[in-house]
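Reminder, nothing fancy here: chain letters follow the sequence lines and each chain counts from 1. The shown structure was predicted, so the numbers you read here are calculated from the model rather than taken from an experiment.
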There are 2 protein chains.
Amino acid sequence: MSSQTTRAKVTLATVAQAVGVSLSTASNAYNHPERMSPAVRNRVLETARRLGYDGPNPMARSLRGGDVGAVGLVVTDTLGHAVSDPATLPFLQGLATELERARLGLVLIPSVAAPDARLVAQAIVDGFIVYSLARDDVLLEAALRRDLPLVLVEQSRISGHAYVGLDQAGGASACARHLLELGHRHFGILSLPAQRQATEGPIGDLAAWHIESDVVRQRLDGYLDALASVGIAPSAVAVYQGTSTEYVGTAGAQWLAQQSPRPTAILAMSDVLAVGAITGLRSLGLTIPDDVSVTGFDDIALAAGFDPPLTSVRQPLREKGAAAARLFIERLTNPSGEVLLSTELVVRSSTGPARA
Amino acid sequence: MSSQTTRAKVTLATVAQAVGVSLSTASNAYNHPERMSPAVRNRVLETARRLGYDGPNPMARSLRGGDVGAVGLVVTDTLGHAVSDPATLPFLQGLATELERARLGLVLIPSVAAPDARLVAQAIVDGFIVYSLARDDVLLEAALRRDLPLVLVEQSRISGHAYVGLDQAGGASACARHLLELGHRHFGILSLPAQRQATEGPIGDLAAWHIESDVVRQRLDGYLDALASVGIAPSAVAVYQGTSTEYVGTAGAQWLAQQSPRPTAILAMSDVLAVGAITGLRSLGLTIPDDVSVTGFDDIALAAGFDPPLTSVRQPLREKGAAAARLFIERLTNPSGEVLLSTELVVRSSTGPARA
DNA sequence: ATAGTCTAGTAAATCGATTTACTAAATCGT
DNA sequence: ACGATTTAGTAAATCGATTTACTAGACTAT
């Protein structure tokens, strides 16, 4: 209503002129109150209000060297998926809550199917939180080129940048050991995508599998190390790869169930995959855990309430986000801080003794 | 690794000088390829790469008049809560997915306990999506002052700005009529906060209740209109107000159950409140729906799977977000577009006939 | 009374680009 | 072969602020 008339743009210069002071003085009214008399300062502020001046233009301010007041979040998945995934959401919550406390905005960088480095190159932010990207992902490279502070979450360390790590291998290994103790000897793995452009489907030759994702690398190593300790070779393990969706879990489990010998235990790299797997196995007439044991990863909220309750590797999802935020906030005093989070196996009812 | 040495900052001017062309020509290489010979353009681009120039500085570009490539999201709740709320999340998903398609970033504006207009005033964005703010919320006023395109979602229309509306009153009214048809005559209402700083608790005098939130206003009117049609006066309805959390639902329902006459039906303005209410009523030894019927609002994913399945008002949550995004994307051609979404009563088992 | 210190304010440089108006050289039609 | 149009590139203004170095005047100390 009030400002319907397209009045000429009013800048700090307009205000300064109206008050009859220099541009610098007007600027000081906002940035260095102590350097001027209260009288003049009030005159500037009031004139600004009268003229409808809304405070220094944030772009100009940032260009001159100020902070932007926002952090960019770079993820592999599309934003749509990231905001849906039950393992990512608590991370986002922890991140948002902690950033909020520091009055920092969070910029969700779009990540389309064909990832576009320009979207990272052009983001207006003070730095990035980089979540689980492959070492050579174009988006990571683009972020590095920006020469801004980075917080790396669940991916390879890069010297000079902050890092939030998780004991992936330990959790995965505990998971596999648990199944070994239950007597299982035939395993299938439902893997998250090992590369950005990975296509869903079985992995033919495990040894030749090109793994760019650190999370996949470490979880897989954790599984395989445990299996190796009882003499099970990687070549004896069937692996199916795809994004963390129930659909992939279902398809993957159905494929795994058709291998021979049929796995009596399936290690899924996410709870969502595990849930999908159980659905798929049931559709084949199999019973969980009697016919097949299934383990997940993440211990999402759903895991405990699912039928059957999921055996899973718990990780502190919210805390992971909060830690990333805190490392970013401390970037000036401690540019390459590190936080290492631990995992814990939670045994529930989706796993049971191998059949005699 | 490569750029560890703190080399002097390289700008477009550096590149131009190195190539031996003017600054304008270097700029054209990025923005107006057609205006120059391929030879020179390639020379500029290659020199830029060699010098480690990462493309035009986004802040400078935006300052000069270009787009930022991002939209700000302004919400009432803290971000932490917004990212947790099952009714807000699908909205966010729809929004993020659709923005992503247009390669727009989403800036989550922090919204601390004491809302700070500066965070809106200083956000570096092309416009705002304003989600369910009160007409006189300071954050809305701050957004208006920015003179940027706005998309208003579930709140008062403002001429010149895009609008996404929902038939709140219709849904609420259908809900109440459903209960009336089941024979209920004593009602309690669990309301969302009517103002930003509303404190949780019972509303003493309904007539004197200061309601700033449009959502609350419309849902309440929908309920009361339906009740009025059978002669039930607002003064006969007990109301309890609080944020959309299970805890509030529980506390509110327990308070409502202590009123006399005790309501046989509770109208909750969100499914989360309804779920909390059911928990609270059960803790008092009451059975749902035999002793008390409970209705929700939103029809979140949980509603159908809850025990008992919730009678609720379905609204197209994802579509609401997608519509907001589309309106923003079309802002240049259609600055004040409107989308009106409808609601639908979904009857399940949390409501039943009033006891004789 | 003189020199030295504070205070309040200013002019000009700077941040890193984009764009407008203009010019010189090359191409065109006849 | 001569004026008219295109093409390729440039100089300078501009976006909206912040900051540095400087100055004039008021105040303090001896």
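- Taking 4.5 Å as the limit, some side-chain heavy atom of B:V83 sits within range of a side-chain heavy atom of A:L89.
- In this structure, a donor-acceptor pair under 3.5 Å is present between the side chains of B:S22 and B:T25.
- One atom, CG of B:D54, and another, C1' of C:dG16, lie 14 Å apart when rounded to the nearest Å.
- Side-chain atoms of B:H32 lie closest to C:dT19 of the nucleotides C:dT19, D:dG9, C:dT20.
- Nearest nucleotide to the side chain of B:T25, out of D:dG9, D:dT19, D:dA17: D:dG9.
- Distance A:L12 CG to C:dC15 C1': 16 Å, rounded to the nearest Å.
- In this structure, A:N28 atom CG and D:dT20 atom P are separated by 11 Å, rounded to whole Å.
- The side chain of A:Y30 contributes no N or O atom lying less than 4.0 Å from OP1 or OP2 of D:dG16.
- There is no side-chain donor-acceptor pair under 3.5 Å between B:N28 and B:H32.
- Distance, A:M36 CE to D:dT19 C1': 15 Å, rounded to whole Å.
- When the nearest nucleotides of DNA chain D are assigned to B:R41 and A:M59 by heavy-atom distance, the more 5′-ward of the two goes with B:R41.
- Looking at which nucleotide of DNA chain C each of A:L63 and A:S22 is closest to, the 5′-most match is held by A:S22.
- Using a 4.0 Å heavy-atom criterion, one finds that B:S27 contacts the bases of the nucleic acid, with or without backbone contacts as well.
- Between B:S37 and D:dG9, a side-chain N or O to OP1/OP2 separation shorter than 4.0 Å is present.
- Comparing C:dA17, C:dA11, D:dA17 by their nearest atom to the side chain of A:L23 picks out D:dA17.
- Closest contact between the side chain of A:V40 and the listed nucleotides D:dA17, D:dG9, C:dG9 involves C:dG9.
- Classified by interplanar angle (parallel below 30°, tilted 30° to 60°, perpendicular above 60°), the ring pair A:Y53/A:Y30 is perpendicular.
- Between the CD atom of B:Q122 and the C1' atom of D:dA17 there is a distance of 13 Å, given to the nearest Å.
- Remark: the A:S24 side chain and the C:dA11 base include a donor-acceptor N/O pair separated by less than 3.5 Å.
- A salt bridge links A:E98 to A:R326: at least one charged side-chain nitrogen sits closer than 4.0 Å to a carboxylate oxygen.
- Across D:dG16, D:dG9, C:dA17, the shortest atom-to-atom separation from the side chain of B:N57 is found for C:dA17.
- In this structure, the CG atom of B:N31 is 12 Å from the P atom of C:dT20, given to the nearest Å.
- Nucleotide D:dA8 holds its P atom 10 Å from the CD atom of B:E34, rounded to whole Å.
- For A:I124 and C:dC15, the CD1 to P distance is 18 Å, given to the nearest whole Å.
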